[in-house]
There are 2 protein chains.
Amino acid sequence: MPATKIISSPVCHVTCFEQEKVARIKAELAKEEQLLPQLAELYKLLGNVTRLKILLALAHGELCVCDVSHVLGLTIAATSHQLKLLRSQGWLTMRNDGKMVYYRVHNESLLKALKGDFCLLEERLA
Amino acid sequence: MPATKIISSPVCHVTCFEQEKVARIKAELAKEEQLLPQLAELYKLLGNVTRLKILLALAHGELCVCDVSHVLGLTIAATSHQLKLLRSQGWLTMRNDGKMVYYRVHNESLLKALKGDFCLLEERLA
DNA sequence: TTATCATTTTCGTAATCGTCTAAATGATAA
DNA sequence: TTATCATTTAGACGATTACGAAAATGATAA
């Protein structure tokens, strides 16, 4: 009976063709659903050339805000803003030294993941 | 002389502290600069829970637009829009069968990369 | 204290994004 | 042909985003 009943989405009024498959997939997604927003958040963070450049610039050691801004060719304010974003999500840490603030990558695994995704693109080009 | 000359960014008027390091990093970035926009584009695409769900839903085989929309709980129109986006960037392919249109993942490597990044998050939680 | 300097924060703006509704395709069937 | 159905496209709307300009912190030095 449940297999023959035609269900409709609450949003659209189109019938569902493969109910069981859809139900199974929804159940599977439900397990990952908790982490998906976090994963999307990470991808959003990485989906910006400025922030990617920051991560690559800091890949080999810390830099002060001013130097990062020179690398980027952006305002100090804009640079600080992006650094804060990356820090607030736990991917950078900062260190105070007098008036200066130095930022560095907090989690090396992030750089590895980045490299992996970079390879995905290169592979596709070939 | 080049090491002692103080340069200023054309954008902001702040002095640059580690000129040589900054110059070296800029040179390094220049090599990757061509692919960075594409990488950011990919990340932007993945930085959305709806599209992540689509990829995971299609991970085990093709689905018609209607069924995908049921999985997502979204309008057919919204679903079609996101499917088109993923297809236009080469990550999905479609197949016509009468009135129906079936979508599937075009590049398995994308799913692997996705899984890798997923692990990065899980690792961080531990 | 006051002045200076690196950085952060606030605010405004233009652009992009994700979704909806409604109209338009495009294919099948009567 | 006309009717129906799955999908796509167009247009509109609210939400988010990235940046610059300018004001506000916070630390150092005179």
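Labels below follow one simple rule: chain letters A, B, ... track the order of the sequence lines, proteins then strands, and each chain is numbered from 1.
Put simply, the side chain of B:Val71 does not reach to within 4.5 Å of the side chain of B:Thr79, judged on heavy atoms. Residues A:Ile76 and A:Cys66 form a side-chain contact, since some pair of their non-hydrogen atoms from C-beta on lies under 4.5 Å apart. Annotation: side chain of B:Leu55 is in contact with side chain of B:Leu92 (closest heavy-atom distance under 4.5 Å). Within the 4.5 Å cutoff, side-chain heavy atoms of A:Ile25 are placed close to those of B:Leu63.
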Base contacts versus sugar-phosphate-only contacts with protein, heavy atoms under 4.0 Å: please encode nucleotides 22-30 of chain C as B, S and - from 5' to 3'. B----SS--
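Taken residue by residue, residues 54-61 of chain B places no heavy atom nearer than 4.0 Å to DNA chain C. Using a 4.0 Å cut-off on heavy atoms, the residues of residues 79-89 of chain A that approach DNA chain C are A:Ser80, A:Lys84, listed by number. Proximity of residues 34-53 of chain A to DNA chain C (heavy atom under 4.0 angstrom from any strand atom) is not detected for any residue.
Here the SG atom belonging to B:Cys64 is positioned 10.0 Å from the CZ atom belonging to B:Arg95, to the nearest 0.5 angstrom. One finds the CG atom of A:Leu58 at 7.0 Å from the CG atom of A:Leu83 (value rounded to the nearest 0.5 Å). One distance of note links CG of A:Leu46 with CG of B:Leu46; it measures 9.5 Å at 0.5 Å rounding.
If you take CG of B:Leu74 and P of C:dC17, they are 17 Å apart, rounded to a whole angstrom. With rounding to whole Å, A:Met100 atom CE is found 19 Å from C:dT4 atom P. Spacing between atom CD1 of A:Ile76 and atom P of C:dT9 amounts to 14 Å, rounded to whole angstrom units.
Scored by the side chain to side chain contact (heavy atoms under 4.5 Å, CB included) test, A:Lys115 finds no partners at all (sequence neighbours excluded). With sequence neighbours excluded, no residue forms a ring pair (Phe, Tyr, Trp, His ring centres under 6.0 Å) with B:Phe118. Judged as a side chain to side chain donor-acceptor pair (under 3.5 Å), and not counting sequence neighbours, the contacts of B:Gln82 are B:Arg51.
Side-chain N/O atoms of A:Tyr103 include one lying less than 4.0 angstrom from OP1 or OP2 on C:dT8. For the pair A:Thr75 and D:dC19, the criterion of a side-chain N or O lying under 4.0 Å from OP1 or OP2 is not met.
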Output side-chain donor-acceptor pairs under 3.5 Å for residues 32-45 of chain B, partner residues at least two apart or in another chain, one line each.
unit_1, atom_1, unit_2, atom_2, d
B:Glu33, OE2, A:Lys53, NZ, 2.6
B:Tyr43, OH, A:Asp117, OD2, 2.6

Under 3.5 Å, which donor-acceptor pairs do the side chains of residues 98-113 of chain B form with other protein atoms, sequence neighbours left out?
unit_1, atom_1, unit_2, atom_2, d
B:Arg104, NH2, B:Glu62, OE1, 3.1
B:Asn107, OD1, B:Ser109, N, 2.9
B:Asn107, OD1, B:Ser109, OG, 2.9
B:Ser109, OG, A:Glu123, OE2, 2.7

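Minimum heavy-atom separation, B:His70 to A:Val22: CB-CG1, 4.0 Å. Listed here is the closest heavy atom pair of B:Arg124 and A:Gln89: NH1-O, 2.8 Å.
B:Ser80 contributes no side-chain N or O that, together with a main-chain N or O of B:Ala77, makes up a donor-acceptor pair within less than 3.5 Å.
Stem analysis of DNA chain C (at least three stacked-register Watson-Crick or G-U pairs, each with both distances under 3.5 Å) gives C:1-30 with D:1-30.
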